[in-house]
Amino acid sequence: MKKKDFVAEDLLSKIYQNKYKAGGKLPTERSLATHYKVSRYTIREALKKLIKIGTVKSIQGSGIFVKDDYSKSPLIYNSLTENKFKEIRSELIYLKRIIPDNVLKEIFDISDNEEVWEFKRVRMVDYRKIQIEVSNLPCSYFEDLSEEDIKNSVHSYVFEKGYKISHFITTYSSVILGKADAAILNCKKGISAMKIVNRGILESSKVFEYSEMIVLDYSVSYISPFNEKNLQHRRGN
C-alpha cells in the first residue's frame, strides 16, 4: 500500500473512531507529516483523497475540518465515485434498442413485446481507461435516451426525467481479463480486475437499470455495524 493511501485510510479510521470528531479540525500538515514520518506532499495527497470522497473539507486560511454529515452513508470510499463527473470521460461504443432475453424480462418485469436500451461505454480518468460498462434500461421509462446522456451521467439523466432513485443492489467478484476486454482497456490480458453487477431500484420499487462493469484497480470501503444475531446464526446457536 502506498504511503498516501495508508495515511488516508488511517485518518478515516480515526475519524470513525471519533478521535477527530464531526466539525472538528484535523492536525496541521506539518504535525501529520511528523506523526506519520512522511513528507508534507504525502499528507497533502492523502487529505486530497478525503476531500474528494466528502469526509473532510478545506477552509481557506483555517485548515481541514471533518464534515458534520460524514457518517450518514455506510459507503466510506469508492475508487470509482471519488472523481467528479467533470473528471470522468466516457467513450460510447454503442447504443441500441434490443428485444430483451428472458433474464432481462425477469429483471425489469416487462412483457415480451417491450424493448430495452443497451449501451456499452468505456470510462476514463486522467486519460486512462479504467472501466467497461454494459447497461440496460427500459425504453418505456426513457424513450429519449441519447448518446450525449450516456457520455455524461446516466443517473443525472434519470433524476432529470423526474424519477427518484431509492437504492442499488451490487455484487462484486474478481475476474481475469480476456483478450477482448484487455484490448479495450489497453492493458495485458490475464490480469485481475473487478466485475461489478449493479441493479438500480426506484422509489416506486421498479428496477430502472441493470449493469455489468469490468473495472481496473478498484477498491471500496464500507462501515458495517456489528451484527450479533448473524454471529450467533453462523455459530449455529
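- Other residues, nucleotides and ligands place more than 12 heavy atoms under 6.0 Å from the NZ atom of K129.
- Using modelled atom types and a 3.5 Å distance limit, the side chains of E114 and S111 yield a donor-acceptor pair.
- When each of V38, I43, V7 is tested with L32 by the rule side chain to side chain contact (heavy atoms under 4.5 Å, CB included), just one qualifies, namely I43.
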Show the numbers, then the answer: is there a side-chain contact (heavy atoms from CB on, under 4.5 Å) between I64 and S58? CA-CA 5 Å; I64 306 291; S58 175; 3.6 Å; yes

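- Under a cutoff of 6.0 Å and an axis angle of 45°, K161 and Y163 do not form a cation-pi pair.
- In this structure, V134 is a member of the same hydrophobic cluster as V175, with clusters built from ILVMFWY side-chain heavy atoms closer than 4.5 Å.
- The number of heavy atoms from other shown groups lying within 6.0 Å of NZ (K57) does not exceed 12.
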Please test I191 against I176 for side-chain contact (heavy atoms from CB on, under 4.5 Å), starting from the C-alpha separation and ending with a verdict. CA-CA 6 Å; I191 66 173; I176 300 298; over 6 Å; no

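- Under a 3.5 Å cut-off, the side chain of K25 and the backbone N or O of S62 do form a donor-acceptor pair.
- Follow the hydrophobic side-chain contacts under 4.5 Å out from F119 and you reach V158 in the same cluster.
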S13/Q17 under side-chain hydrogen bond (donor to acceptor under 3.5 Å, both in side chains): CA gap, chis, key distance, verdict: CA-CA 6 Å; S13 176; Q17 291 170 251; 2.6 Å; yes

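- A donor-acceptor contact closer than 3.5 angstrom is absent between the side chains of E209 and S211.
- For the residue pair Y141/E143, the side-chain donor-acceptor check at 3.5 Å is not satisfied.
- The local environment of OH in Y41 is sparse, with at most 12 non-hydrogen atoms from other residues, nucleotides or ligands closer than 6.0 Å.
- Distance alone, capped at 3.5 Å, is enough to place a donor-acceptor pair between the D101 side chain and the V103 backbone.
- Side-chain atoms of D144 and Y157 form a donor-acceptor pair, as typed in the model, at a separation below 3.5 Å.
- No more than 12 heavy-atom neighbours from other residues, nucleotides or ligands sit within 6.0 angstrom of CG on D109.
- Checking side-chain atoms of N18 against main-chain N and O of K21 turns up no donor-acceptor pair under 3.5 Å.
- Ring planes of F168 and H155: tilted class, angle from 30 to 60°.
- Between the side chain of D149 and the main chain of S146, a donor-acceptor pair closer than 3.5 Å is present.
- Defined by atom type and a distance below 3.5 Å, a donor-acceptor pair is missing between the side-chain atoms of T28 and S31.
- Put simply, the side chain of W117 never gets that close to the backbone of P138: no donor and acceptor are under 3.5 Å apart.
- When the shell of 6.0 Å around CD of E115 is examined, it contains more than 12 heavy atoms from other residues, nucleotides or ligands.
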